[in-house]
Each structure stands twice: as C-alpha cells, then as structure tokens.
Visitor: 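Quick one: the structure is below, and I'll ask about it shortly.
As a basis for the values below, the full set of heavy atoms in this structure was taken, side chains included, without hydrogen atoms, waters or symmetry mates.
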Amino acid sequence: MVKTLLVPGLDGSLAPHWQHWWAATDTQALMVDLSDPARPDPVRWEAELAGTILRHPGAVLVGHSLGAVLIARVLNAWPQLNVRGALLVAPAEPDGQPRIQSFAPIRELPLHVPATVVASRNDPWMRFPRARQLAATWQADLIDLGFAGHINTDAGFGPWPAGKQLRDDLLLQSAPRLPIRHAAVSLSPQR
C-alpha cells in the first residue's frame, strides 16, 4: 500500500484541519513532523521532508499552504527522490510575507512527478492567476475550487473527503504499467 505523507504549512495542521482529520482516518497516512512550525526554516524543513521521503519511498505527498511550497522545493532540489505524486493544496506565496519570506522565491521548475495544484479564487495567501501559473510551470494539473478561501479550517475545511479522492486520482495516474504479453501468432494459413 502506498503511504501518503501529509506536509503541513505554517503553524502546522492541528484539529480540526483537514490534514489532521486525514491522518486520523487513513492508516496509510502520516503527518510529516516539521520542527518549529511557528518559525519555519527552509533548509531544516527540506532536510526533514527529504528524510521522511527516504524512509517511505514511493509515497504520495499532500501539502497544504507552505507545505505545498516545501514539496516543490524538495522535488526540485532532489529530483532523484522516489515520489509517486504530489497534491499541492492552496500554495502560499512567501514573497512579501515576513513569517515565510525565507521560502521565497518559489522554485519554478517542472516537478517531474504527477502533480495536482488545488487553488481557490479568493485565497488570501496566493492569487488564483499565480496558482494557475505555478501549476503550468510545475507541469501539474489545476483544480479550481472556486471561492474556497485558503482551503483550511477558517474556510470550513475540516473533514475533506474530496482531498482523498484527488490523491487517489494521482495514484491512478501514476500507477505502474504492466507489460503486455504478446502471444505467438502464426501468419501461415491453418490447415
């Protein structure tokens, strides 16, 4: 079974956040433990996420807010990591935000794994056109949730079963292909 690594953002994803709910309801999900969530350090967080991926090869990554940006940083820095896919929910724009400025600029390179960006048209942390542009740059699919705020507890997102379905869609998209066996065929007429 494929492990789902939940990557929280600034200040973590405490109950009743959808990531907390997901970790509590999915035995194959694990909340990534990032040190000092109130004072994120990009170098330390990158190393912590990369280490977790190494312990769970072939995992799908599900990041929210700064966690989504962290996933993009790690996938760009270490493209050789064994990651099955990435679900990037409500990425946060660190440029101009004092608490997360150290994560700027967002890396704008293809992620080289199947990926989906989930964005909102009224997200206070990132404008929708910017999320759309990042999805294109990362070569990720884009899901437009309409007016869903920051897709967090304040926006009414506690349990979020649709998130699990988006993860499942990524798993289907990245499923290993089975080789096709060809039977020997005789081209001569049957007698």
Visitor: Are L66 and V117 in one and the same hydrophobic cluster, where Ile, Leu, Val, Met, Phe, Trp and Tyr link if side-chain heavy atoms are under 4.5 Å apart?
Guide: yes
Visitor: For residues L170 and V83: do they belong to one hydrophobic cluster (side chain heavy atoms under 4.5 Å, members Ile, Leu, Val, Met, Phe, Trp, Tyr)?
Guide: no
Visitor: Is it possible for you to say whether W160 and L142 belong to one hydrophobic cluster, with membership spreading through side-chain heavy-atom contacts below 4.5 Å?
Guide: no
Visitor: Compare every heavy atom of P124 with every heavy atom of G149, then report the nearest pair and how far apart it is.
Guide: C-CD, 4.3 Å
Visitor: Hey, does the side chain of R55 reach the backbone of G51 with a donor-acceptor pair shorter than 3.5 angstrom?
Guide: yes
Visitor: Salt bridge check, R132 against D144: does any charged N sit closer than 4.0 Å to a carboxylate O?
Guide: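 Here D144 does not pair with R132 in a salt bridge, since their nearest N and O are not under 4.0 Å apart.
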Visitor: If the test is side-chain contact (heavy atoms from CB on, under 4.5 Å), which one of N122, I151, D123 qualifies with L145?
Guide: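 When side-chain contact (heavy atoms from CB on, under 4.5 Å) is applied between L145 and each of N122, I151, D123, only I151 qualifies.
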Visitor: With a 3.5 Å cut-off and no angle check, do the side chains of D169 and Q173 form a donor-acceptor pair?
Guide: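 Not at all, the side chains of D169 and Q173 share no donor-acceptor pair under 3.5 Å.
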Visitor: Rounded to the nearest 0.5 Å, what separation is found between the CD1 atom of I53 and the CD1 atom of I71?
Guide: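 If we round to the nearest 0.5 Å, I53:CD1 and I71:CD1 are 7.5 Å apart.
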Visitor: Using a strict threshold of under 4.0 Å (side-chain N to carboxylate O), is an ion pair present between D95 and R130?
Guide: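 Between D95 and R130 there is no salt bridge, as every charged N stays at least 4.0 Å from the carboxylate O atoms.
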Visitor: Is the shortest heavy-atom distance from the side chain of M126 to the side chain of P91 under 4.5 Å?
Guide: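 Counting from C-beta outward, M126 and P91 do come under 4.5 Å.
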Visitor: Any donor-acceptor pair under 3.5 Å linking the side chain of R84 with the backbone of L171?
Guide: yes
Visitor: With a 4.5 Å cut-off on side-chain heavy atoms, are V2 and H56 touching?
Guide: no
Visitor: List the steps and the verdict of side chain to side chain contact (heavy atoms under 4.5 Å, CB included) for K164 and W21.
Guide: CA-CA 11 Å; K164 288 183 180 182; W21 165 82; 3.7 Å; yes
Visitor: Where is the tightest heavy-atom contact between A131 and A119, given as atom of each residue plus distance?
Guide: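 Here A131 and A119 meet closest at CB-CB, 3.6 Å.
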Visitor: Which value, rounded to the nearest 0.5 Å, describes the distance between L134 atom CG and E108 atom CD?
Guide: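 One gets 5.5 Å once the value is rounded to the nearest 0.5 Å.
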Visitor: Determine yes or no for a side-chain-to-main-chain donor-acceptor pair under 3.5 angstrom, with R99 supplying the side chain and A38 the backbone.
Guide: yes
Visitor: Do V118 and L61 share a hydrophobic cluster (ILVMFWY, side-chain heavy atoms under 4.5 Å, transitive)?
Guide: no
Visitor: Could you check if a side-chain atom of L88 sits within less than 4.5 angstrom of a side-chain atom of W138, using non-hydrogen atoms only?
Guide: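 SC-SC contact between L88 and W138 confirmed.
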Visitor: When you measure from the side chain of Q101 to the backbone N and O of G96, does any donor-acceptor pair fall under 3.5 Å?
Guide: yes
Visitor: Between Q139 (side chain) and L111 (backbone), is there a donor-acceptor pair under 3.5 Å?
Guide: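 No; judged by distance alone, with no hydrogens or angles, the pair does not exist.
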Visitor: Dump the intermediate steps for salt bridge (Lys or Arg N to Asp or Glu O under 4.0 Å) on R39 and D11, then the final yes or no.
Guide: CA-CA 8 Å; R39 291 188 307 215; D11 296 325; over 6 Å; no
Visitor: What do you reckon, are the aromatic ring centroids of H64 and W18 less than 6.0 Å apart?
Guide: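 Ring centres of W18 and H64 closer than 6.0 Å.
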Visitor: Check V69 against A92 and note the closest heavy-atom contact, atom names and distance.
Guide: CG2-O, 3.2 Å
Visitor: Set out, in order, the CA-CA distance, both residues' side-chain angles and the distance that settles side chain to side chain contact (heavy atoms under 4.5 Å, CB included) for L54 and L81, then state yes or no.
Guide: CA-CA 7 Å; L54 289 171; L81 287 172; 3.6 Å; yes
Visitor: Answer yes if L166 and L30 sit in the same cluster of Ile, Leu, Val, Met, Phe, Trp and Tyr residues linked by side chain heavy atoms under 4.5 Å apart, and no otherwise.
Guide: no
Visitor: Given 3.5 Å as the limit, does a donor-acceptor pair link the side chain of Q19 with the main chain of V62, or not?
Guide: yes
Visitor: Does R107, at its CZ atom, have more than 12 non-hydrogen atoms belonging to other residues, nucleotides or ligands within less than 6.0 Å?
Guide: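 Correct, the count exceeds 12.
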Visitor: Quick one: does S120's side chain have a donor or acceptor within less than 3.5 Å of a partner on G146's backbone?
Guide: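 Yes.
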Visitor: Grab the two heavy atoms, one from A155 and one from A148, that are nearest each other, plus how far apart they are.
Guide: CB-O, 3.3 Å
Visitor: Between CZ of R121 and CZ of F128, what distance do you get to the nearest 0.5 Å?
Guide: 4.0 Å
Visitor: How long is the gap from OG1 on T116 to CG on D141, to the nearest 0.5 Å?
Guide: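 Between T116 OG1 and D141 CG, I get 4.5 Å after rounding to 0.5 Å.
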Visitor: Measure across P37 and L10 and return the closest heavy-atom pair with its distance rounded to 0.1 Å.
Guide: O-CD1, 3.6 Å
Visitor: Quick check: do N152 and F157 have side-chain heavy atoms less than 4.5 Å from each other?
Guide: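 No; the side chains remain at least 4.5 Å from each other.
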Visitor: Mind checking whether D41 and F103 have side chains closer than 4.5 Å, heavy atoms only?
Guide: no
Visitor: Can you check whether L75 reaches V113 side chain to side chain, under 4.5 Å on heavy atoms?
Guide: yes
Visitor: Which distance, rounded to the nearest 0.5 Å, do you find between the NZ of K3 and the OG1 of T52?
Guide: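 That separation rounds to 11.5 Å.
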Visitor: Are any non-hydrogen side-chain atoms of L49 and W45 less than 4.5 angstrom apart?
Guide: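 They are not in side-chain contact.
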Visitor: With a 4.0 Å cut-off, would you call E48 and R73 a salt bridge?
Guide: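 The answer is no: the pair does not qualify as a salt bridge.
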Visitor: One pair to check against side chain to side chain contact (heavy atoms under 4.5 Å, CB included): V89 and L87. What are the steps and the verdict?
Guide: CA-CA 6 Å; V89 181; L87 180 61; 3.9 Å; yes
Visitor: Side chain to side chain contact (heavy atoms under 4.5 Å, CB included) for L34 and V7? Distances and angles first, verdict last.
Guide: CA-CA 8 Å; L34 299 172; V7 184; 4.2 Å; yes
Visitor: Does L14 reach the side chain of T153, with side-chain heavy atoms less than 4.5 Å apart?
Guide: no
Visitor: Taking CG in D33 as the centre, count heavy atoms belonging to other residues, nucleotides or ligands within less than 6.0 Å. Is the count above 12?
Guide: no
Visitor: Taking all non-hydrogen atoms of both residues into account, name the closest pair between W78 and E46 and its distance.
Guide: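 Shortest heavy-atom contact: CZ3-O, 3.7 Å.
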Visitor: Look up atom OG in S13 and atom NE2 in H20, then write down how far apart they are to the nearest 0.5 Å.
Guide: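 Spacing of OG (S13) from NE2 (H20) equals 9.5 Å.
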